[in-house]
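Notes follow once the structure below has been shown.
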Amino acid sequence: MENKVNNQKDSLSMKSLIVLFSYHHNNTEKIAKAISEVLNAEIKMPEQINPEELQNHDLIGFGSGIYSAKHHESLLDLADKLPEVNNKKSFLFSTAGITGKSKAYKDHTTLREKLESKGYTIIDEFQCKGFNTNSFLKLFGGMNKGRPNDQDLKNAETFALKVKKNL
Ligand SMILES: Cc1cc2nc3c(=O)[nH]c(=O)nc-3n(C[C@H](O)[C@H](O)[C@H](O)COP(=O)(O)O)c2cc1C
């Protein structure tokens with residue numbers, strides 16, 4: 001009971017932000033919304049972020065589609081501009097055409113390394129499939145039609161609950 005009360009208090013007083021870039025089919029936006037509901041987090045685009053304002057948040061999620069094996073350039077550029085922090089908690093997420101064991105880890109490496117070099121602690125990472133009609137794929141109706149699906153959104157919620165629990 002006491003724990004439950006403390007957890008409620010923590011999630012109420014905790015200030016979370018999600019920095020999102022999603023343009024191809026708004027796939028990652030769907031994941032961001034599912035996560036934001038659990039964390040009660042505001043969602044902003046990189047261009048809306050004043051790097052200094054991140055200091056005011058206890059938890060920051062960074063997510064986009066994967067384009068050429070990395071997060072979107074706008075997130076990578078933002079990470080370059082961020083001031084140094086001391087162990088600020090953050091998490092990474094993405095949607096991608098191809099997923100699988102250790103794929104997320106590789107796709108997230110560029111952003112992870114930039115953030116870690118600024119003093120961010122990445123507490124967890126999430127990736128799922130996203131509809132992809134890039135290049136020649138559109139000629140065949142694309143890959144991963146319907147993704148993220150309901151199960152992906154549930155998995156994103158479960159991920160967010162785990163992040164919240166491990167804060
Ligand atoms: C220009 C471009 C490059 C892409 N490169 C990759 C890639 O390197 N690896 C991958 O798994 N998916 C790749 N994809 C697929 C996207 O990651 C996938 O469709 C993602 O869900 C898009 O997210 P969004 O709708 O939030 O923008 C690429 C898509 C585009 C449009």
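In each ligand, atom 1 is the first atom listed, and ligand 1 is the first ligand listed. Here the structure is a predicted model, which is why all the values come from computation and not from measurement. Below, each value reflects all heavy atoms present in this structure, side chains not excepted, and no hydrogens, waters or symmetry copies. Residues take their numbers from the sequence shown, with the count starting at 1.
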So for Lys70, does at least one of its heavy atoms come nearer than 4.0 angstrom to any atom of ligand 1? no
Show the atoms of ligand 1 that are less than 4.0 angstrom away from any heavy atom in Ala69.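 So the answer, numbered in order with elements, is 7 (C), 8 (O).
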Subset of ligand 1 atoms that lie under 4.0 Å from at least one heavy atom of Thr28: 23 (O), 24 (P), 26 (O)
Below 4.0 Å, non-hydrogen atoms only: which portion of Lys103 touches ligand 1? Side chain, backbone, both or neither.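 It is the side chain that touches ligand 1; the backbone stays farther off.
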Please work out whether any backbone atom (N, CA, C, O) or any side-chain heavy atom from C-beta onward of Ala96 is under 4.0 Å from ligand 1, and answer side chain, backbone, both or neither. both
Salt-bridge criterion met for Glu37 and Lys33 (N-O under 4.0 Å):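 Salt bridge between Glu37 and Lys33, a charged N being under 4.0 Å from a carboxylate O: no.
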Distance from atom 12 (N) of ligand 1 to nearest protein heavy atom, with residue and atom: Gly97 N, 3.0 Å
Keeping to residues at least two apart or across chains, list the side-chain hydrogen bond (donor to acceptor under 3.5 Å, both in side chains) pairs with something in residues 138-151.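 Every side-chain hydrogen bond (donor to acceptor under 3.5 Å, both in side chains) pair that includes a residue of residues 138-151, provided the two are not neighbours, is Arg147-Asp152, Gln151-Asn155.
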Looking at Phe62, does the NZ or CZ of Arg112 lie under 6.0 angstrom from its six-membered ring centre and within 45 degrees of the ring axis?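 Here Arg112 fails the 6.0 Å and 45° test against Phe62.
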Could you tabulate the donor-acceptor pairs under 3.5 Å formed by side-chain atoms of residues 91-102, not counting sequence neighbours?
from  : atom 1 : to     : atom 2 : distance (Å)
Ser94 : OG     : His108 : NE2    : 2.7
Ser94 : OG     : Gln127 : NE2    : 3.1
Thr95 : OG1    : Thr28  : OG1    : 2.8
Thr99 : OG1    : Lys129 : NZ     : 2.9

Ignoring angles and geometry beyond distance, decide whether Glu29 reaches within less than 3.5 Å of ligand 1 through its nitrogen or oxygen atoms. no
Using a 3.5 Å cut-off on N or O atoms only, is Ser64 in polar contact with ligand 1?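 So ligand 1 has no N or O lying under 3.5 Å from an N or O of Ser64.
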Could you pull out, from Asn26, Asn134, Ile98, Thr95, the option with a heavy atom nearest to atom 29 (C) of ligand 1? Asn134
